[in-house]
Protein chains: 2
Amino acid sequence: MLSSGQKIELLKVIAHPVRIKILEELAKGVKCVSDFEEFLELRQPNISQHLALLRDHGIVDYYIDGRLRCYFLVDPFVPDLLDLLKKDYHQLLPRPACCPVTKKGVYPGDRKK
Amino acid sequence: MLSSGQKIELLKVIAHPVRIKILEELAKGVKCVSDFEEFLELRQPNISQHLALLRDHGIVDYYIDGRLRCYFLVDPFVPDLLDLLKKDYHQLLPRPACCPVTKKGVYPGDRKK
DNA sequence: CAAATATATTCAGAAATTGATATATATCAA
DNA sequence: TTGATATATATCAATTTCTGAATATATTTG
């Protein structure tokens, strides 16, 4: 089980446009490095760098098939997060009833706005 | 509705240990800046900097009560994300059946592992 | 073994992030 | 008005992250 700090670290690693695209592809199925080269407009070394980061954090793994490295998702948090990112929110949270007492207590003078 | 890029940007802003703590507190209710000074071991300007970032991204807002600024959550994505972070995962995702064909096709030689 | 393919690693410079310090602003109390 | 309180902003140095280029490694084919 991951600590809170580790989960935030995961979130930080995932929160990158290229890496999200990689993870979205992997959520659909196994892909090798050169597969990514086609739809990400990036050079191979850069893609390998992103994959290495994801590997180092236990987010993805791979098996070797000849000279291909076939990557796949291992962290179950990822599909849930991707679903959450796809979700549409049509309303903001309700504003708090005006004006709750903070820990400091109600300000002693008159209220202004 | 937010674009995919905007959501990833949000994720990036949220993925920071101090800001997560701030958001967890705000998920419980309204808090003013000096309330945060007590349980985050940070100086006031630093807290204000984090709050400004959250504000600039439409994640939080505040109302003014005397000289206090009372912050609250406005982005409905945040509580969902915090719930997801609390969730425990006890198993990794199942490994893919060995060995799926990638876009490149099955490697023409013998398979190794 | 040599060449080709697929991928990883290393390194350097640019850009972004972080937290600190100093200072500014706004509100209220006396 | 003066001082105190609450918060924001500006600036800066240290650190981290990012991307690309060059190079290395591993595997397979011929």
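Just so we're clear, the structure is a prediction, and the values are computed from it rather than from any experiment. Here is how names work: the chains are called A, B, and so on, in the same order as the sequence lines, proteins then strands, and each is numbered from 1.
B:Gln49 is linked by a side chain to side chain donor-acceptor pair (under 3.5 Å) to nothing, counting only residues two or more places apart in sequence or in another chain. B:Gln6 is linked by a side chain to side chain donor-acceptor pair (under 3.5 Å) to B:Ser3, counting only residues two or more places apart in sequence or in another chain. Legend: residues meeting side-chain contact (heavy atoms from CB on, under 4.5 Å) with B:Pro17, ordered by chain and number and at least two apart, are A:Ile8. Partners of A:Gln44 by side chain to side chain donor-acceptor pair (under 3.5 Å), not counting sequence neighbours, listed by chain and number: A:Ser48. Evaluation of the side chain to side chain donor-acceptor pair (under 3.5 Å) rule for B:Arg55 yields B:Tyr71 as partners, not counting sequence neighbours.
At a threshold of 4.0 angstrom between heavy atoms, the contacts of B:Phe36 with the nucleic acid are absent.
Of the two residues contacting DNA chain D, namely B:Tyr71 and A:Arg69, the nearest-nucleotide position lying further toward the 5' end is that of B:Tyr71.
In summary, of the residues considered (B:Asn46, B:Leu26, B:Leu42), a side chain to side chain contact (heavy atoms under 4.5 Å, CB included) with B:Phe36 occurs for B:Leu26 alone.
Rounded to whole Å, the distance from OH on B:Tyr63 to C1' on C:dT27 is 17 Å. With rounding to whole Å, B:Tyr62 atom OH is found 9 Å from D:dA8 atom C1'. Rounded to an integer number of Å, the gap from CD1 of B:Ile64 to C1' of D:dA6 is 11 Å. Between the CG atom of B:Leu68 and the C1' atom of D:dT7 there is a distance of 10 Å, rounded to whole Å.
Residue A:His16 holds its NE2 atom at 10.0 Å from CG of A:Leu54, rounded to the nearest 0.5 Å.
Near DNA chain D, defined here as any heavy-atom distance below 4.0 Å, the residues from residues 39-58 of chain A are A:Arg43, A:Pro45, A:Asn46, A:Gln49, A:His50, listed numerically. Within residues 16-27 of chain B, no residue is approached by DNA chain D to less than 4.0 Å at the level of any non-hydrogen atom.
For residues 8-23 of chain B, the set of pairs meeting the salt bridge (charged side-chain N to carboxylate O under 4.0 Å, His left out) definition, not counting sequence neighbours, is empty. Counting only residues at least two apart or in different chains, salt bridge (charged side-chain N to carboxylate O under 4.0 Å, His left out) contacts with residues 81-97 of chain A comprise A:Asp83-A:Lys86, A:Lys87-B:Asp80, A:Asp88-B:Lys7, A:Arg95-B:Asp61.
Taking side-chain N and O atoms only, B:Lys12 has no distance below 4.0 Å to OP1 or OP2 of C:dA16.
Each of C:dT7, D:dT29, C:dA29 was ranked by its minimum atom distance to the side chain of B:Arg67; first place goes to C:dA29.
Checking C:dT27 for Watson-Crick or G-U wobble geometry (two distances, each under 3.5 Å) identifies D:dA4 as its partner.
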